[in-house]
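Since the model is a prediction, treat every value here as computed from it, not as a measurement. Below, chains carry the letters A, B, ... as their sequence lines are ordered, and counting in each starts from 1.
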There are 2 protein chains.
Amino acid sequence: MLDTSAAVLPASTPGAPPPAPERQRPAAWRIGEAMSLIGRTLAPLRHVVHEGEAICRAGQRFECLYILNSGCAKIFSLAGDGREQMVSVKFRGDWLGLDGIADGHYTCSTVAMDTGEVWIVRYQALLSAASMQPALLSLLHAEMSRQISRERESLMSVCTLPAGARVAEFLRLWADSLDERGLRNDQITLPLSRAEIGNYLGLTLETVSRSLSKLARCKLISFAERRRRDLQIPDIDALAAYVQRSVAPTLQ
Amino acid sequence: MLDTSAAVLPASTPGAPPPAPERQRPAAWRIGEAMSLIGRTLAPLRHVVHEGEAICRAGQRFECLYILNSGCAKIFSLAGDGREQMVSVKFRGDWLGLDGIADGHYTCSTVAMDTGEVWIVRYQALLSAASMQPALLSLLHAEMSRQISRERESLMSVCTLPAGARVAEFLRLWADSLDERGLRNDQITLPLSRAEIGNYLGLTLETVSRSLSKLARCKLISFAERRRRDLQIPDIDALAAYVQRSVAPTLQ
DNA sequence: CGGGCGTTTGAATCAAATCAATTGGAGTGG
DNA sequence: CCACTCCAATTGATTTGATTCAAACGCCCG
C-alpha cells in the first residue's frame, strides 16, 4: 500500500504553514466584489420582490439561481406531510436555489421578507460564462461551500443550546450578518413573527417571546418604543457571553 | 420595470412541463457511475482508513476533497467553546471536505466509523480536469447541492419531531442510505454509540436508549442476539408510519 | 370604534434531562 | 478458565425546562 498518510492528514505534520489570508478580507468587500463581478459578466435579469412574494418554490423545475442584491428572504423546507420548517435566512449576496442543482427541482421554497432585488441567472448561462471566467466558478463554489457551513451552524445551535441561548444566538448571528454587509449591527428590525422564529429554532412562539422578554430584562437587548419587532443590541459581545454562559454554567 | 414574473416564478404558469427524468434513475446507478467517472478521469489517490481515524480536521488548510468509496464516516462541527456537534453521516459516494472551499480551511472534522477507502482528489486538479470533462463539474455541483438539501432534512427532523420519532427517522434515513447504495436495508449495524446518536439528534443517550427500547417493544425494530448495536428493521414502511403518526397524532 | 392578529404573560402539564443504580459484554491477567 | 475491571447500555425515580392551555393586551386597519 502506498504511504498516503501525509495526503490524508497534512495537518498532523508539525510546522504546518500559517493560515492563508483569504479570511482576512472584510466580508463586505468580498460580497461587494462578488456582486460586481456577477453584474459585469452575467448581465443578470434584475427583479424587484415584495414582502411575502415567492422567489422559487419547492418542486418547481430548476433552471435559475437567484442572487439577493438587497432585502432579505427566508427559505422553507416542506416535508411530504404538513411539516414546514424554515431552514435559513438570506441577505444581500446570498444565493438562492442551489438545492435544485442535484435533481433538477428545487427542494425548498424561498419567500422575500422585505422588498428587495433579486438577480436571476440561468444555471446553464452561469456555467458557460464560468468556462471563460474561472472567477465565476470560484464564486459559485464558495457560495455553496459557505451555505453548507452556515447551515451546520444552525444545527449546532438547535441541538446544543437551551431555548434562551438559542434565541440570543439567533439575534447574534443576524447582527453578524448585517455587520458583514457593512450595515449597523446594533439594531435589528425583525421581519419575522415570533412564530416564525420559533419554527426556525425548534421552539414555540411563547418560548421565543419569553426568551426575548428575559433578554430585555437582562438589558442584553431593548425594544423600540412602539414596535416590539425592532430591537437594539447595546453590546453584541455581552450577547455572545450570555450564550457561552448557558453552554458551560458550571465552569465560570 | 420589466415583466420578469415568468422568469421568477415559471411554476406559477399553468401547464408546466412534467418533471424531468433525472430523479428516476436508481440512486445506486448514479453513485456507481459517479465513482467510475472519478476513478477514470482523476486517478485519485486511494487510501484505506480505519475506525476512529481522522480524514480531515477542522481548521486544517483546505486542499483536497475526499470521496468515500467504502465504509462510513461522521462529520463533526466544533464551536469555539467546547461544544462538539455531529452534523452528518457519510456513505459510499459521498464527498467530504466541501465545507473547506469557501475560506480555504475545513470547518469540520471527519472521522471514519468503519474501515473503508477514501479517494483523495486535489481541488485544483479536479477543477482543471473539469474544464476538459464538464461531467466532473456537474458531479461536484450535484454533490454540493445534495449536501445542502440533505442537511436541511436533518434540521427538519431535529426541529419538528419528538424524541421517539427523531430516533425512528434517523434509523429510516440510515436504511434509506443503505438502500440507495444497493445494500440490504432491513438490517443495520450502527457504528455509533448511544451518546453519539444523541449528540446528532439533540437528545441525551438515555433518551436514545429508551426510544430504541420502545421501538423494539412496538416490534418496529429488533435487536440481534448479543450486540445491541445491530438491529433489524422488519418493515421500513411501518417505521415511516410511526414517524408520521407522531407528527399528526390528532389527524388519524 | 371594533375586529383581528401578533404578542405577552400566567398556570398547569408533560416530555425530556438529570441523577442514580444495575446489567451485561469485552478485554485482561492471574 | 474464572475473577476482575471497564465501559456501553438499560432502566427507574425525580427534576426541570419547555409546551400547552388560557387570558389579556396593544397595535394596525377598515
Protein proximity profile, nucleotides 8-18 of chain D - base contact B, sugar-phosphate-only contact S, no contact -, cut-off 4.0 Å on heavy atoms: SSBBBB----S
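Aromatic ring orientation, B:Phe62 versus B:Tyr106: perpendicular (interplanar angle above 60°, classes split at 30° and 60°).
Atom-to-atom, CD of A:Glu196 to C1' of C:dT7 comes out at 14 Å; the value is rounded to the nearest Å. The CG atom of B:Leu201 sits 14 Å away from the C1' atom of C:dA16 (whole-angstrom rounding).
In B:Gln232, the CD atom is crowded: over 12 heavy atoms of neighbouring residues, nucleotides or ligands sit closer than 6.0 Å.
For the residue pair B:Arg152 and A:Ser77, no side-chain donor N or O sits within less than 3.5 Å of a side-chain acceptor on the partner.
A salt bridge (Lys or Arg N to Asp or Glu O under 4.0 Å) with A:Asp94 is found for one member of A:Arg150, A:Arg146, A:Lys74, A:Arg181 and no other, namely A:Arg181.
Between A:Glu169 and A:Arg166, no side-chain nitrogen of the basic residue sits less than 4.0 Å from a carboxylate oxygen of the acidic one, so the salt-bridge criterion is not met.
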